[in-house]
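See structure below.
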Amino acid sequence: MIDLTPLSLSFKLAAVTTFFLFVVSLPLAWWLSQTRSPLKPFLEAVTALPIVLPPSVLGFYLLVAFAPDSPLGAFLEECCSLKLLFTFWGLVVASMVYSLPFMVQPLQSGFESLPKLMIEASYIGGKGFWTTMWRVALPNIKPSLLTALIVTFAHTVGEFGVVLMVGGSIPGETKVASVAIYELVEQLDYGKAHIYSAIMLGISFIVLAGVYLLNRRFKVTSS
Amino acid sequence: MMEISVRKELGHWDLEVDLKVERGEFLAITGPSGSGKTTLLRILAGLERAEGEIVVDGEVWLRGRRSLPPQKRSIGFLFQEYALFPNMKVIENLLFVADDRKLAHHLLEVVELLPYRESYPMELSGGQKQRVALARAFMGRPRLLLLDEPLAALDPAMRMKLQGEIERLHREFGTTTLMVSHDRGEIARLAGRVVEMERGRIVERGADPIVEAVRR
């Protein structure tokens, strides 16, 4: 019987990462879409860095930052007894950095496409930022919202380099499907590697096809 | 009584407006495009920063660094581009501002769109959209109604209809209304007073002969 833990761990990691990254990215994407600050290009560049950098570079820096003898690592351990190195929550933080552009960019371009007057009409109607966000902004950028959530989820499921460097391969804690497949191939266990790979391929295809189908429906209904 | 004394640096010239408007008055603002009319309305709404002072019926909306956010100023704003929420039905657009079904029904009745309350904005014509926006602007029972060329995109028949509805609601709610407009017939029909803006300032012109002629 094949052990499904690495697969469920992959999807759990993707779900948790997507949730927290959404919360963090919402104000950031909104700010980027509205600001005329001279800092904007620099923040956009920082946001986009994970697309360009090799995962090993990101993983290396995160590894150094999370280490117990680094200022951040020491602080987190002291204040909240939180260990990020070789733990599930370390993977979550690393994945949030790694997937940041995939969440922020679609949200930002969605927000940029919203008519400014529509947002102002909500403010004039007495509504604050969060009400405007939930009831006006997000419902009117559904395709971008869906793209942001699903691509972040899929991108996290597909992660390998960063996860391997920051998380290692602890069964049930940090050994996600991609890492498990790598190890199986190293052990020349092609049979199990095939099963994991096929499952990943199948689920990923279904998720993406679902997104494109939904997106088409949104576009048809909003035109 | 609304006392306005605001300044704002703009590109080539500064906006500098001193203006007093009586409670319940209907004031038209006219002038060439780019003279700062829209900016003035946006400053009054709190959508644009400015220096100076805005006091409405004794309530300070702007004084020095203190500026009430748009949410706390009792205003209705009608834009040329409707700015309805496309994800909400007509009735939901109104109830979004205030959860008052009775008022929403009454306002939709005034603008004759009660049968369309379950429609989405994209199913309506331009004139219908603007009438929904007008009804929505009154949902918060605003003290100040700001109209930024709201009828410019509509055909003459629809304009007449909307003018009547604006007039009726202005009276019924006792709002102080400021309307930017270029249409002299419209100004003559609705406004009790006209001021003209040029390069960010209000220029005194006295009575406009054409407006006077239409009024007579």
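All values below were derived from every heavy atom in this structure, side-chain atoms included, with hydrogens, water molecules and symmetry-related copies excluded. Keep in mind that what you see is a predicted model, and the values were worked out from it rather than measured.
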Beyond-backbone contact of M133(A) with L138(A), side-chain heavy atoms, under 4.5 angstrom | yes
Around atom CZ of F129(A), are there more than 12 heavy atoms of other residues, nucleotides or ligands at under 6.0 Å?
-> yes
Applying side-chain contact (heavy atoms from CB on, under 4.5 Å) to E53(B) and not counting sequence neighbours gives V55(B), R63(B)
Does the side chain of R73(B) pick up a donor-acceptor pair with the side chain of S67(B) at under 3.5 Å?
-> yes
Structural part of M139(B) lying under 4.5 Å from a heavy atom of chain A = neither
Which bit of F96(B) comes within less than 4.5 Å of chain A, counting heavy atoms only: side chain, backbone, both or neither?
-> both
Honestly, the part of K142(A) sitting under 4.5 Å from a heavy atom of chain B is neither
